[in-house]
S.K.: 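I am attaching a structure below and will ask some questions about it afterwards.
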Amino acid sequence: MTTPMLFERQKRLLVLLDAVGGRVGNLDFQKLLFLYCQEVGSSPPYEFVPYKFGAFSFTSYADRRKLIEHDLLQDDEQTWQMTARARTMVRGMRGVRDLLRAFVERYRGLTGDALVAETYRRYPYFATRSEIADRILRGDAAALKRIDAARRTSKAGPVSTIGYEGHTIESYLNRLIRANVSLLCDVRRNPISRKYGFSKSTLARACEGVSIRYEHVPELGIASEKRQTLNTQTDYDALFREYERDELPHQRPALEKLRQWVERGERIALTCYERLPQQCHRHCIAEALVEEFGANFIAVNL
């Protein structure tokens, strides 16, 4: 069997698993991986979001599935467990192995609730969506107060916009969380992406996990074939003039839906692909909301 080509982050994941003995429960491994990524300095191999049990990396679990396919991890829902093939591969990574063994040694005595509590105390933002913080930190009023303070995110207004270009799923979700977005409104006609995390079903599940509601409003999208020959800002501007003239006037029911969400107290982020709003039709939708419903619907780009 040929040796699989792995990303550097996937190699480090395997080396960390080897350093803890090759087999460890899901929660402990996720917290050790999180601590390692916080301490490694610039360009950590994984990013994290505040999740149901604290810091969580969606990308690490996507890599887990790939490593199972390559026969480098056992297919076990409760644990991360290396295969013999993975152990053989890791033996050749001596420098990284030594560094990660030193890291693991510092946390040797911490497992289970004690390990989770360590991450909550040191990084309170990542405990802000936790369902177990009160139990884990029972009696530690100071730590719980820091977590509560970390929940006081900035409020960008009732409507904002965001493109996922240049983002990982984790950095994207953190941007939404910190802006206090409660509803992500996907305005792509076809919500499919080759980039991990941004196809409709995966994005909806990720949003649900951080308590953000996901809604797809395809009628506000632009057909993909119209976007194939956009090379300059002039091309984008021409497309958006056509969209505002020929399509948006027929989408008042969809705009009304957005208005009703805002009036119910939702903080909406309109999302599509492009990083720059002037290269994405979401800015046209935001401007139409202002024109239809007034200045309260002025949007900022996250």
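On a predicted model such as this, the values are computed, not experimentally measured, just so you know.
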S.K.: Looking only at heavy atoms, which two atoms of S171 and E47 are closest? And how far apart?
M.R.: CB-OE2, 3.5 Å
S.K.: Are the side chain of S199 and the backbone N or O of S193 linked by a donor-acceptor pair below 3.5 Å?
M.R.: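 Answer holds: yes.
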S.K.: What heavy-atom pair brings L176 and A269 nearest, and what distance separates the two atoms?
M.R.: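 Scanning both residues, the minimum pair turns out to be CD2-CB, 3.9 Å.
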S.K.: Working note: L32 + L110, criterion side chain to side chain contact (heavy atoms under 4.5 Å, CB included); need CA distance, chi angles, decisive distance, verdict.
M.R.: CA-CA 10 Å; L32 284 171; L110 285 179; over 6 Å; no
S.K.: Check whether the side chains of T271 and D186 place a donor and an acceptor atom closer than 3.5 Å, and report yes or no.
M.R.: no
S.K.: When hydrophobic residues are tied together by side-chain contacts of less than 4.5 Å, even through go-betweens, does I132 share a cluster with L144?
M.R.: yes
S.K.: Quick one: does R122's side chain have a donor or acceptor within less than 3.5 Å of a partner on L35's backbone?
M.R.: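 No, R122 side chain to L35 backbone: no donor-acceptor pair under 3.5 Å.
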S.K.: Is it the case that the side chain of N190 and the backbone of I192 share a donor-acceptor pair, with hydrogens and angles ignored and the cut-off at 3.5 Å?
M.R.: no
S.K.: What pair of heavy atoms forms the shortest contact from T229 to D235, and how long is it?
M.R.: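 Between these two residues, the closest heavy atoms are O-OD2, 3.6 Å.
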S.K.: Determine whether D148 and K145 satisfy the following criterion, salt bridge (Lys or Arg N to Asp or Glu O under 4.0 Å), listing intermediate values before the conclusion.
M.R.: CA-CA 5 Å; D148 186 57; K145 186 176 181 179; over 6 Å; no
S.K.: Give the cluster check for M82 versus Y46: same hydrophobic cluster or not, with ILVMFWY residues linked at side-chain heavy-atom distances below 4.5 Å.
M.R.: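 Same hydrophobic cluster.
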S.K.: Measure the spacing between CG of L13 and NZ of K66 and express it to the nearest 0.5 Å.
M.R.: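 Result: 15.0 Å between the selected atoms.
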S.K.: Identify the residue among T79, T83, L67 that makes a side chain to side chain contact (heavy atoms under 4.5 Å, CB included) with L73.
M.R.: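 When T79, T83, L67 are each tested with L73, the side chain to side chain contact (heavy atoms under 4.5 Å, CB included) holds only for L67.
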S.K.: Between H167 and R275 (side chain of the first, backbone of the second, donor and acceptor by atom type, cut-off under 3.5 Å), is there such a pair?
M.R.: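 Answer holds: no.
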S.K.: Taking side chain as C-beta onward, heavy atoms only, is L33 less than 4.5 Å from L17?
M.R.: no
S.K.: Closer than 3.5 angstrom, by distance alone: can the side chain of Y273 be matched with the main-chain N or O of C280 as a donor-acceptor pair?
M.R.: no
S.K.: Taking all non-hydrogen atoms of both residues into account, name the closest pair between Q278 and F240 and its distance.
M.R.: O-CE1, 3.2 Å
S.K.: Passes side chain to side chain contact (heavy atoms under 4.5 Å, CB included), V217 versus Q251? Steps please.
M.R.: CA-CA 10 Å; V217 187; Q251 298 306 331; over 6 Å; no
S.K.: Could you label the plane-to-plane angle of the F297 and F293 rings as parallel, tilted or perpendicular, counting under 30° as parallel and over 60° as perpendicular?
M.R.: tilted
S.K.: Measuring only between side-chain heavy atoms, which start at C-beta, is P277 closer than 4.5 Å to R282?
M.R.: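 Yes, at least one pair of side-chain atoms sits under 4.5 Å.
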S.K.: On a heavy-atom basis, which atom in Y120 and which in G54 lie closest, and how many Å separate them?
M.R.: OH-N, 3.4 Å
S.K.: Check whether F126 and Y172 end up in the same hydrophobic cluster, where Ile, Leu, Val, Met, Phe, Trp and Tyr are linked by side-chain heavy atoms less than 4.5 Å apart.
M.R.: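 Per the 4.5 Å side-chain linkage, F126 and Y172 are co-clustered.
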S.K.: Starting at OH of Y164, measure out to CZ of R175 and round the result to the nearest 0.5 Å.
M.R.: 16.0 Å
S.K.: Look up atom NZ in K52 and atom OG in S130, then write down how far apart they are to the nearest 0.5 Å.
M.R.: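 Separation between the atoms: 11.5 Å.
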S.K.: Does one hydrophobic cluster hold both Y36 and F7, with members joined at side-chain heavy-atom distances below 4.5 Å?
M.R.: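 Different clusters.
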S.K.: Which atoms form the tightest heavy-atom contact between E247 and G221, and what is the distance?
M.R.: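 Between these two residues, the closest heavy atoms are OE1-O, 3.7 Å.
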S.K.: Using only atom types and a distance under 3.5 Å, with no angle test, would you say the side chain of H281 pairs donor to acceptor with the backbone of V187?
M.R.: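 Yes, the answer is positive, given that a donor and an acceptor are paired below the 3.5 Å cut-off.
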S.K.: With side chains defined as the heavy atoms from C-beta onward, is the minimum distance between R106 and E39 less than 4.5 Å?
M.R.: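 Counting from C-beta outward, R106 and E39 do come under 4.5 Å.
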S.K.: Between R259 and E256, does at least one N-O distance fall below 4.0 Å, as a salt bridge requires?
M.R.: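 Salt bridge between R259 and E256, a charged N being under 4.0 Å from a carboxylate O: yes.
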S.K.: Apply the test salt bridge (Lys or Arg N to Asp or Glu O under 4.0 Å) to residues R241 and E244: give CA-CA distance (whole Å), side-chain angles for both, the deciding distance (0.1 Å), then the verdict.
M.R.: CA-CA 5 Å; R241 284 194 298 271; E244 290 173 327; over 6 Å; no
S.K.: Give a yes or no on whether the backbone of V210 and the side-chain of R129 come within a donor-acceptor separation of less than 3.5 Å.
M.R.: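 Checked: pair present.
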S.K.: Take L289 and V262 through the side chain to side chain contact (heavy atoms under 4.5 Å, CB included) test and state the conclusion after the steps.
M.R.: CA-CA 11 Å; L289 286 170; V262 169; over 6 Å; no
S.K.: Is any side-chain heavy atom of Y243 closer than 4.5 Å to a side-chain heavy atom of L220?
M.R.: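 Side chain of Y243 against side chain of L220, heavy atoms only: contact under 4.5 Å found.
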S.K.: For a side chain to side chain contact (heavy atoms under 4.5 Å, CB included) check, start with the C-alpha distance between D113 and R135, then their side-chain angles and the critical distance, and finish with the verdict.
M.R.: CA-CA 9 Å; D113 288 355; R135 178 181 67 78; 2.8 Å; yes
S.K.: When hydrophobic residues are tied together by side-chain contacts of less than 4.5 Å, even through go-betweens, does I162 share a cluster with I212?
M.R.: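 Yes, I162 connects to I212 through the hydrophobic network.
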S.K.: Do P4 and M89 have side chains that approach each other closer than 4.5 Å (heavy atoms only, starting at C-beta)?
M.R.: yes
S.K.: I need the L255 CG to R252 CZ distance, nearest 0.5 Å.
M.R.: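 Atom-to-atom, L255:CG and R252:CZ are 7.5 Å apart.
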S.K.: Are the side chains of K200 and Y214 in touch, meaning some heavy atoms are under 4.5 Å apart?
M.R.: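 When only atoms from C-beta onward are counted, Y214 and K200 do touch, with a gap below 4.5 Å.
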S.K.: Determine the sole option in Y51, F198, Y196 for which the ring-ring contact (aromatic ring centres under 6.0 Å, His included) test with F58 is passed.
M.R.: Y51
S.K.: Is L203 close to I169 at the side-chain level, that is, under 4.5 Å between some pair of heavy atoms?
M.R.: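 Sidechains of L203 and I169: in contact.
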S.K.: Is a side-chain N or O of E170 found less than 3.5 angstrom from the main chain of T59, in a donor-acceptor match?
M.R.: yes
S.K.: Given Y61, which partner from the list F48, W80, F29 fulfils the ring-ring contact (aromatic ring centres under 6.0 Å, His included) test?
M.R.: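 Single pass found, and it is W80.
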S.K.: Does E215 come within less than 4.0 Å of K257, counting only side-chain N to carboxylate O?
M.R.: no
S.K.: Are the side chain of R12 and the backbone N or O of L100 linked by a donor-acceptor pair below 3.5 Å?
M.R.: no
S.K.: Is I298 close to V159 at the side-chain level, that is, under 4.5 Å between some pair of heavy atoms?
M.R.: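 Not touching, per the 4.5 Å side-chain cut-off.
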S.K.: Should D18 and R91 be marked as a salt bridge (Lys or Arg N to Asp or Glu O under 4.0 Å) after you check the CA-CA gap, both sets of side-chain angles, and the distance that decides it?
M.R.: CA-CA 9 Å; D18 179 67; R91 289 192 196 110; over 6 Å; no
S.K.: If you measure from the Lys or Arg side-chain nitrogens to the Asp or Glu carboxylate oxygens, is any gap between R205 and E208 under 4.0 Å?
M.R.: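 No.
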S.K.: If you count every heavy atom of other residues, nucleotides or ligands that lies below 6.0 Å from Q233 atom CD, does the total exceed 12?
M.R.: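 Atom CD in Q233 is crowded, with more than 12 foreign heavy atoms closer than 6.0 Å.
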S.K.: Let me confirm one number: the CG-CG distance from D134 to D140, rounded to the nearest 0.5 Å.
M.R.: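 Those atoms lie 11.5 Å apart.
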S.K.: Just how far is it from atom CD1 of I147 to atom OG1 of T128, taken to the nearest 0.5 Å?
M.R.: 8.5 Å
S.K.: Taking D28 for its side chain and V24 for its backbone only, find out whether a donor-acceptor pair lies under 3.5 Å.
M.R.: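 Not a single qualifying donor-acceptor pair exists.
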